[in-house]
Amino acid sequence: MPEISVKIKDGEAQTFQQGITAGEALKKLVSNKVRKTTVAAYNNGVSVDLSVSMTEDAVLEPLVMKSKQGVEILRHSAAHIMALAVRKLFGNDVKVAIGPSIEDGFYYDFDRAEPFTPDDFELIEKKMEEIASARLPFVRKEMKVSEAIDFFDKQGEKYKVELLREMDVETVSTYQQGDFVDLCRGPHLPDSSWLKAFKLLRVAGSYWRGDEKNPMLQRLYGTAFYDKKELKKYLNQLEEAKKRDHRRLGKELSLFTIQDQIGPGLILWQPRGALLRKLIEDYWKDEHYRNGYELLYTPHIARQDLWKTSGHLDFYGENMYSAMDIDDVKYQLKPMNCPFHIGIYKSNKHSYREFPIRWCELGTVYRYERTGALHGLLRVRGFTQDDAHIFCRPDQLEYEIFNIIDLNLHILKTFGFDQYDIYLSTRPEKYVGSDEHWEMSTEALKQALDKKGLTYQLDQGEGVFYGPKIDIKIKDQLGRSWQCSTIQVDFNLPERFEMTYTGDDGLEHQPIMIHRALMGSLERFIGVLIEHYAGAFPLWMAPEQARILNITDDQYQYSEAVYSRLRNLGVRVEKDLRNEKLNYKIREAQLMKVSYMLIIGEREKGDGTITVRKRNGENLPPMTPAEFAEMVNSECKEGTGETN
Ligand SMILES: [Zn+2]
Ligand SMILES: [Zn+2]
């Protein structure tokens, strides 16, 4: 038998007989310790099963449990095992669609007449455990597409057949486990015994291929970890997340409402939510003004021709709402603010001396989202971007990016986020603009990140077609990641709109344009804030900083006077002067996450003071309303970093 030479990266090559499996070869190449955590392998960079036969010289790398792909393989394999369990329990009438791993877990879509119930979950989990202890291997087989179509057709697997018919390849691979054969690329765990810690989470309706015209399938969600402790931690976190769900808290705290009569994905801000939003907006505007930005306001609709020029109609049309006729001219709702800011730019001539121009706007845009994708404040159809556009010269780009990152991180920190992951995305395959421009601006983004001393992940080829970008994902209290900030260089729009400025050489040049959103959108960001703080906002953005609670009707007048006095002193105060027991009123204020309760009885009335009770139950010594206002205001200044 011919021999092949296999080595691990930076290791010494060893000779093996051709046909040896990757798993066997790795046994010789890596330590026992590593091998025990190896679930698959990279064969010349391609991920493969450990059972794959090696046919040529190769660099082999162990694919270990703790790697991102190692976890994906576990979860994806768990989806197969779940499908096998469902088949064993409910028979071959259940048709299977697709079953990928996703962030935090996996799912499988089933076509079954009966709905899955919580009782079924237990049965399925039990069956999966049985399968796991049976140590069933995943047996790979390659076949021609036509063969595979025949095979799955005979089994009545119409979804697999549909997928196969659309494939533009000659051969596909199937994996058999027990008597269940699935169409899959792999790789998988060596066998089912690796599945030790898993849990079925929920079932949801899901249209085949996400299309509402297709049959509704049942999507079973689950998660899996290599370690039982990690699973437990994750399940606890899910419980905590449920308690913090912004849709639930939004209702309980009267922050916002979404109503069918108005339309899905459209947010109605209730007074408390509106106040919260105003506080965030005010802070945002002030902070931008301090950092050399100017504020813009632009309309919500524009002529369709504008969207043709900007390219939105071509590239983004399916996210835009249909046109309306105004005086026989077509108009459309804006999905983005950029062309309007360009319009303002073009309303004057510009010279290099004016640069950089930094313009910001809390601009409300409208984008189509499928009904099924809508989710509270996080996924909506009308939302307000915290948008900004910077126009500058090439030599200013790096500093501007540095500045944006600086402001960005500062504002995020004020909101309580100081953990984040940063991604730098570079030129994709299809792009506009010159190579020189791309290199220069990618370099500027890198330099700015380096100068800030920030670590980032390079996403090669993941940039937008019009320029490189930086994305910042923030981490909340529960360690969950949220994509919020994005900084994008754009060579496309300045070209399309023929934007110019006069350089120091007296000639016309094209400015560099940067798009930037920091929170992403107010809706989404507030959704994240609600969950981050579980509704108990820091004092500076709390819509209700204090609530006055009188003990009896005898303090009614005095309470009213304190209320007016505090409002005048800038405290966001409410009053609960109902003829109810004090404890009852305190409990209600606590449920509404009010920061301070101001209790007024006969003594306070006599002394001209208030007794201040913190949300956690701690009482402060009695103080005058003026003293309280001063305390609140200085605590707020500290919160927004305005102390010095
Ligand atoms: Zn698979
Ligand atoms: Zn823009």
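For ligands, and for the atoms within them, numbers begin at 1 and follow the listed sequence. Hydrogens, waters and symmetry mates play no part in the numbers below; they use all other heavy atoms, side chains included. Keep in mind that this is a model prediction, so the values were computed, not measured.
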Worksheet, complete the sentence: Which atom of H188 is nearest the Zn ion (ligand 1), counting N, O or S only? It is NE2
Fill in: Carboxylate-amine/guanidinium contact D182 K160, below 4.0 Å
yes
Worksheet item: Are D282 and K285 ion-paired here, with the side-chain N under 4.0 Å from a carboxylate O?
Response: no
Item to complete: May I ask you to check whether H515 brings an N, O or S atom to under 2.8 Å from the Zn ion (ligand 2)?
Response: yes
Worksheet item: With the Zn ion (ligand 1) as the point of reference, which N/O/S atom of H80 is the closest?
Response: NE2
Discussion item. What do you get for the angle at the Zn ion (ligand 2) between SG on C338 and NE2 on H389, to the nearest 10 degrees?
Written reply: 110°
Item to complete: Classify the ring geometry between H288 and Y293 as parallel (under 30°), tilted (30 to 60°) or perpendicular (over 60°).
Response: perpendicular
Worksheet item: Once rounded to 10 degrees, what value does the angle at the Zn ion (ligand 1) take between NE2 (H76) and SG (C184)?
Response: 100°
Practice prompt. Please work out whether the ring planes of H437 and F491 are parallel, tilted or perpendicular, with thresholds of 30° and 60°.
Written response: parallel
Worksheet entry | Check ion pair E281-R277 (N to O, under 4.0 angstrom) | yes
